[in-house]
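Notes follow once the structure below has been shown.
The sequence lines fix the lettering, A, B, ..., with proteins before strands; numbering per chain opens at 1. These values consider heavy atoms only, across backbone and side chains, with no hydrogens, waters or symmetry-generated copies.
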Protein chains: 2
Amino acid sequence: MSHNHKKCIKTSLEFAHKVSQDKAMRLTPQRLQVLKILLDDHKALGAYEILERLRDMNLASQTTPQPPTVYRALDFLLEMGLVHKVESQNSYYACMIERSADGVHIAQAFICESCGAVEEKTAEASVKKLYEKAATFGFEVNQVIMECRGFCANCQKQNEFFYE
Amino acid sequence: MSHNHKKCIKTSLEFAHKVSQDKAMRLTPQRLQVLKILLDDHKALGAYEILERLRDMNLASQTTPQPPTVYRALDFLLEMGLVHKVESQNSYYACMIERSADGVHIAQAFICESCGAVEEKTAEASVKKLYEKAATFGFEVNQVIMECRGFCANCQKQNEFFYE
DNA sequence: ATTGGTATGTTATAATATAACAAAAAGAGG
DNA sequence: CCTCTTTTTGTTATATTATAACATACCAAT
Ligand SMILES: [Zn+2]
Ligand SMILES: [Zn+2]
Ligand SMILES: [Zn+2]
Ligand SMILES: [Zn+2]
């Protein structure tokens with residue numbers, strides 16, 4: 001997945017500010033810091049990895065960030081739809097799809113088990129089928145979790161020799 | 001979800017024995033005990049809930065089961081496709097769909113957030129769409145996780161007054 | 001019987017997440 | 001600006017989920 005990641009970050013941050021304003025929610029410096037850590041690249045990080053980076057970034061400060069700090073920031077960012085959780089590995093990544101006004105949406109994550117990269121895609125088709133299935137037995141859907149684990153195109157190339 | 005649960009358990013156990021034989025894997029008493037605990041009803045249990053029940057069942061024995069005992073049994077049952085994990089709540093439930101020879105399959109779990117019941121369905125349509133999406137960017141799928149959280153038909157009925 | 005693989009028992013600890021409460025900061029209204 | 005209320009942050013402790021490591025027991029095949 002090669003792209004202009006600087007621009008990618010810029011767009012995401014602009015959207016984050018916008019959606020926070022719209023919802024009258026406060027994207028405080030701490031929350032922003034966590035978001036930036038996750039935007040750093042397209043990988044999912046565990047809460048304690050985020051904590052480490054947060055500490056690295058705040059060596060000058062008098063206080064050392066603690067776990068609740070990270071989890072609170074994540075709660076906020078998840079709520080705003082700016083970050084998603086990879087349930088199958090208890091890790092978190094910054095949303096990377098173009099969104100309309102509202103930040104909240106169903107994410108479909110493709111997680112590479114070799115390099116750890118996460119590709120997020122919209123999932124209208126699969127989700128539609130899933131809703132149809134739910135309807136067949138009267139299930140009312142609140143939340144959909146779709147995760148796909150495997151190998152990204154890059155890692156397949158790099159490991160071609162395995163298949164010879 | 002009303003059905004003949006006695007028969008439901010019987011069928012599942014028979015299948016478990018069969019698939020273990022076929023794969024030359026050993027469905028030992030401990031593993032069987034954990035499976036039976038999960039078959040008890042169509043809910044997902046956490047590993048430590050399973051542990052408690054296991055302890056209750058083995059009060060007579062000299063030894064008290066420990067966490068690794070549960071996790072090892074779960075690893076086995078997951079591997080055999082006899083049990084699935086609900087990634088979004090770190091819990092486990094016994095597979096409840098009719099399966100062909102091989103026990104391993106993609107499960108689609110509908111989890112009621114009110115009563116905790118899990119309905120498992122086959123998900124061919126959604127999964128097909130998901131594979132198609134993966135193909136568009138060369139992603140090689142190893143594992144698919146599909147979980148749907150919401151309210152089952154029963155709980156909707158019982159809470160109708162909420163919507164008045 | 002010996003051996004090599006598999007399963008279990010046991011202890012300790014790692015990794016993930018939250019409770020609870022105090023202090024500080026921010027926003028709303030006068 | 002001052003006060004009140006709500007939200008956010010700091011801090012300590014602890015709950016919850018999962019695995020490492022190593023010893024022992026079991027089982028099956030030579
Ligand atoms: Zn990018
Ligand atoms: Zn997203
Ligand atoms: Zn049943
Ligand atoms: Zn199943």
Side-chain angles (χ1 to χ4, degrees), chain A residues 16-17 20-35 37-38 44-55 57-80 82-93 116 145 147, chain B residues 16 20-21 23-35 37-38 44-55 57-80 82-93 116 145 147:
Chain A
H17 282 290
S20 298
Q21 284 237 309
D22 290 357
K23 295 193 179 179
M25 303 288 277
R26 287 186 262 166
L27 186 57
T28 60
Q30 262 187 352
R31 292 164 172 174
L32 188 56
Q33 222 171 14
V34 169
L35 178 56
I37 287 168
L38 290 178
L45 297 180
Y48 283 75
E49 289 177 287
I50 297 169
L51 182 57
E52 269 182 58
R53 302 207 189 187
L54 209 51
R55 284 175 172 170
M57 291 167 73
N58 293 66
L59 292 175
S61 148
Q62 293 116 331
T63 66
T64 308
Q66 301 301 324
T69 299
V70 171
Y71 283 103
R72 283 166 179 162
L74 286 174
D75 284 348
F76 173 86
L77 296 168
L78 289 165
E79 175 95 8
M80 301 290 283
L82 299 170
V83 159
H84 303 293
K85 180 174 184 180
V86 180
E87 297 287 354
S88 59
Q89 54 187 32
N90 301 311
S91 61
Y92 306 85
Y93 68 92
I145 291 143
E147 293 171 13
Chain B
S20 297
Q21 284 237 310
K23 297 194 178 180
M25 304 288 277
R26 289 185 260 170
L27 187 57
T28 62
Q30 262 189 352
R31 292 164 172 174
L32 188 57
Q33 223 171 13
V34 169
L35 178 58
I37 287 169
L38 290 179
L45 297 180
Y48 283 75
E49 289 178 286
I50 297 170
L51 183 57
E52 270 181 57
R53 303 206 189 186
L54 207 52
R55 284 176 172 170
M57 291 166 74
N58 293 67
L59 292 175
S61 148
Q62 295 116 330
T63 67
T64 308
Q66 301 301 324
T69 298
V70 171
Y71 283 103
R72 283 163 178 166
L74 287 174
D75 283 347
F76 174 87
L77 296 167
L78 288 165
E79 176 95 8
M80 301 290 285
L82 299 169
V83 160
H84 304 293
K85 179 173 185 182
V86 181
E87 297 287 354
S88 58
Q89 55 188 29
N90 300 311
S91 62
Y92 306 84
Y93 68 92
I145 292 143
E147 293 172 13

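Between A/L82 and A/R31 the shortest side-chain heavy-atom distance does not fall below 4.5 Å. A/V34 is not listed as a side-chain neighbour of A/T69, based on a closest heavy-atom distance of 4.5 Å or more. Within the 4.5 Å cutoff, no side-chain heavy atoms of B/Y48 are placed close to those of B/V70.
Between B/Y92 and D/dA18 there is a side-chain polar atom (N or O) within less than 4.0 angstrom of OP1 or OP2.
Taking five base pairs at each end of the helix from C/dA1-D/dT30 to C/dG30-D/dC1, the local helix axes there meet at an angle of 30°, rounded to 10°.
The nearest whole Å value for the distance from the CG atom in A/L32 to the C1' atom in D/dT9 is 16 Å. One can place CG of B/L51 at 17 Å from P of D/dA15, the figure rounded to the nearest angstrom. Residue B/E49 contributes atom CD, which lies 14 Å from atom C1' of D/dA15 at whole-angstrom precision. Following rounding to the nearest Å, A/Y48 (OH) and D/dA18 (P) show an atom-to-atom distance of 15 Å. B/D75 has its CG atom 16 Å from the P atom of D/dT17, to the nearest Å.
Contacts between residues 62-74 of chain A and DNA chain D, defined by a heavy-atom separation below 4.0 Å, involve A/T63, A/Q66, A/P68, A/R72, listed by number.
Under a 3.5 Å cut-off, the side chain of B/E87 and the backbone N or O of B/I145 do not form any donor-acceptor pair.
Smallest separation of non-hydrogen atoms from A/S20 and A/A16: OG-O, 2.8 Å. Across A/A44 and A/E49, no two heavy atoms sit closer than the pair O-OE1, 4.5 Å.
Among the protein residues, A/F76 comes within range of no part of the nucleic acid, since none of its heavy atoms lies under 4.0 Å from any strand.
With sequence neighbours excluded, no residue forms a side chain to side chain donor-acceptor pair (under 3.5 Å) with B/Q21.
In this structure, CZ on B/R26 lies 12.0 Å from CE on B/M80, to the nearest 0.5 angstrom. Rounding to the nearest 0.5 Å gives a distance of 4.5 Å between CG of B/L74 and CD1 of B/I50. Interatomic distance, A/L77 CG to A/L38 CG, rounded to the nearest 0.5 Å: 7.5 Å.
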Enumerate, atom names and distances included, each donor-acceptor pair closer than 3.5 Å involving a side-chain atom of residues 57-65 of chain B, sequence neighbours excluded.
residue : atom : partner : partner atom : Å
B/N58   : OD1  : B/Q33   : NE2          : 3.2
B/S61   : OG   : B/T63   : N            : 3.0
B/S61   : OG   : B/T63   : O            : 3.1
B/S61   : OG   : B/T63   : OG1          : 3.4

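Between B/G46 and A/Q30, the one whose closest nucleotide on DNA chain D sits nearer the 5' end is A/Q30. Where B/S91 and A/T28 meet DNA chain D, the nucleotide closest to each residue was compared, and A/T28 sits on the side nearer the 5' end.
Put simply, chain B comes within 4.0 Å of DNA chain C, heavy atom to any atom, from C/dT6 to C/dT11, going 5' to 3'.
Using modelled atom types and a 3.5 Å distance limit, the side chains of A/S91 and A/Q89 yield a donor-acceptor pair.
Between B/Y71 and B/Y92, the angle of the ring planes goes over 60°, which puts this pair in the perpendicular group of the 30/60° scheme.
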TODO: Do nucleotides 25-30 of chain D as a string where each nucleotide becomes B, S or -: B if the base has a protein heavy atom under 4.0 Å, S if just the sugar-phosphate does, - if no protein is that close.
DONE: --S---

TODO: Please step through side chain to side chain contact (heavy atoms under 4.5 Å, CB included) for the pair B/F76 and B/V83, ending with a clear verdict.
DONE: CA-CA 9 Å; B/F76 174 87; B/V83 160; over 6 Å; no

